[in-house]
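First the proteins, then the strands, lettered A, B, ... as listed; each starts at 1.
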Amino acid sequence: MAETTQPGTGAKPTADPFNRQESLTADTFLRGLWQENPVFVMLLGMCPTLAVTNSAINALGMGLATTFVLLGSGALVSLLRHLIPKQVRIASYIVIIATFVTVVDYAIHAISLELYASLGAFIQLIVVNCIILGRAEAYASKQRLLPTLVNGLGMGLGFTLALLSLGSVREILGSGSLFGYPLFGEDFQPWLVMVLPPGGFFVLGAWLLLFAWLKQRRERRPLASAGATSHG
Amino acid sequence: MSGTLPVQTSTPAPATPAPATPGLAMLMTLGLIAAISGLLVATAYEYTAPIIAEKERIATEAAVLRILPGAVAKRDFLIAAQGGLTPLAANGDGGGASDAAEGSIVYAGYDAQGQLQGLAFTGVGTGYAGPVKVLFAYDPERQLIVRSKVLKSNETPGFGDKLDKDPAFLKNLEALDTRLDATGQTLANPIVTVKNGTKTQPWQIDAITGATLSSRAMGKAANQAAQRAAPAIQRSLALLAQPPRERP
């Protein structure tokens, strides 16, 4: 009971940050899009981020497939959270995630052979995407169904958005088109390295640089204004 | 008392009565999850399998009809072990085409009058980044490969994908010699890829500068496909000349 000496925890046993029941707010959804964006902030799921973002349509397909798996596995984990013993939770989550990945694999194959061929093995590899297991472990296994779905949707769309920002930049620069529609004239010389693997690193680096710069600027602004007033 | 079981006093779920037999609870939970998983996967498979098969059939047919101008109908033949061709079951029975290895199928295209317009078969060669799968159009009378279309490749964009775009390279495949030797078992001259600018014979493919490995893959694919299909086709010309019975 040594912990009770810490301020706050003794009075409210539910204040443990890892066991809180979250109430549904706009933040539940928005967190995944911006504050905790899986790619740009948490740097998770780098394998599909770098591998399949050579065109906007691939990025969109991959993002939506991951969102579907996030929603499906999150819902099932959340519904079964009182049933799953701690000892077998990883095994359970992996089976649940693998199930939804198989379903989405069949679905994409049935929707578009072309997309299926270009995404290749990366659809099956969603099984080991750490965003999904991370969400199951850190969120879905502790929260009610509705917040889990909302949070999963936010995370999934955040991931999709990040993939799209990489995919569209790489497609515009590397193929001179967007979603397959040519943007420039015939004499456009594509910047080929952008659709090759190094281009993934370049564009990801550029985006991270941009976000880091924005963040730094926002943090510096109150400081700067304070300095301005003192000078004035 | 704080040192004995500090974690378990606070966290065990009052909602689960199971912890008395954790082994059984684990088994039952995993069993339940496996059952749910099986149900979902089986449902998805049952629902999508016919759609996927149909889309793949349409895609193959479109590719074959595109590479054989003038053809409006196609029939599939299997290269039999004895070296001839046997007709494959028509479209209704999708199992026939998918069971047979795709490389052993010869597609025959017919025009509206039932005249044979040409033949098509696939070949695979290993390139710079894995297998390159190509569909070839074959003229049985002149014994030439007359067109090619890359179906699947991971070759480097800008280099390897010239296989399907570079006009000078495609010229190689407009009249690629695939005559059989005297025995009728193999090609008189195996198809080979030669260094750029050194093509002298009609069975050679002039490589693309900077994409030598991809060009070689095309040569290997053409050679492998023609070695396999051309003798069987030449032996079964009478069978191929028969017009397709029913319109697809």
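Highest contact tally toward chain A, considering only B/M28, B/E54, B/K55, is held by B/K55 [criterion: heavy-atom pairs under 4.5 Å]. Here B/V41 is the residue among B/L32, B/I51, B/V41 with the most heavy-atom pairs under 4.5 Å with chain A. Per-residue counts of heavy-atom pairs under 4.5 Å with chain B were compared for A/N54, A/D105, A/L113, A/I96; the largest is that of A/L113.
The part of B/L30 that comes within reach of chain A is its side chain, from C-beta onward, which places non-hydrogen atoms under 4.5 angstrom from that chain. Residue contact with chain B, scored on non-hydrogen atoms closer than 4.5 Å, involves the backbone and the side chain of A/S92 alike. Only the backbone of A/I111 comes within less than 4.5 Å of a heavy atom of chain B; no side-chain atom from C-beta onward does.
Around the OH atom of B/Y45, the shell of radius 6.0 Å holds no more than 12 heavy atoms that belong to other residues, nucleotides or ligands.
At least one donor-acceptor pair under 3.5 Å links the side chain of B/K220 to the backbone N or O of B/T126. Side-chain atoms of A/S165 come within 3.5 Å of backbone N or O of A/L161 as a donor-acceptor pair. Proximity of a side-chain donor or acceptor of A/R135 to a complementary backbone N or O of A/I132 within less than 3.5 Å is not detected.
Using cut-offs of 30° and 60° for the angle between ring planes, the A/Y116 and A/H109 rings count as parallel.
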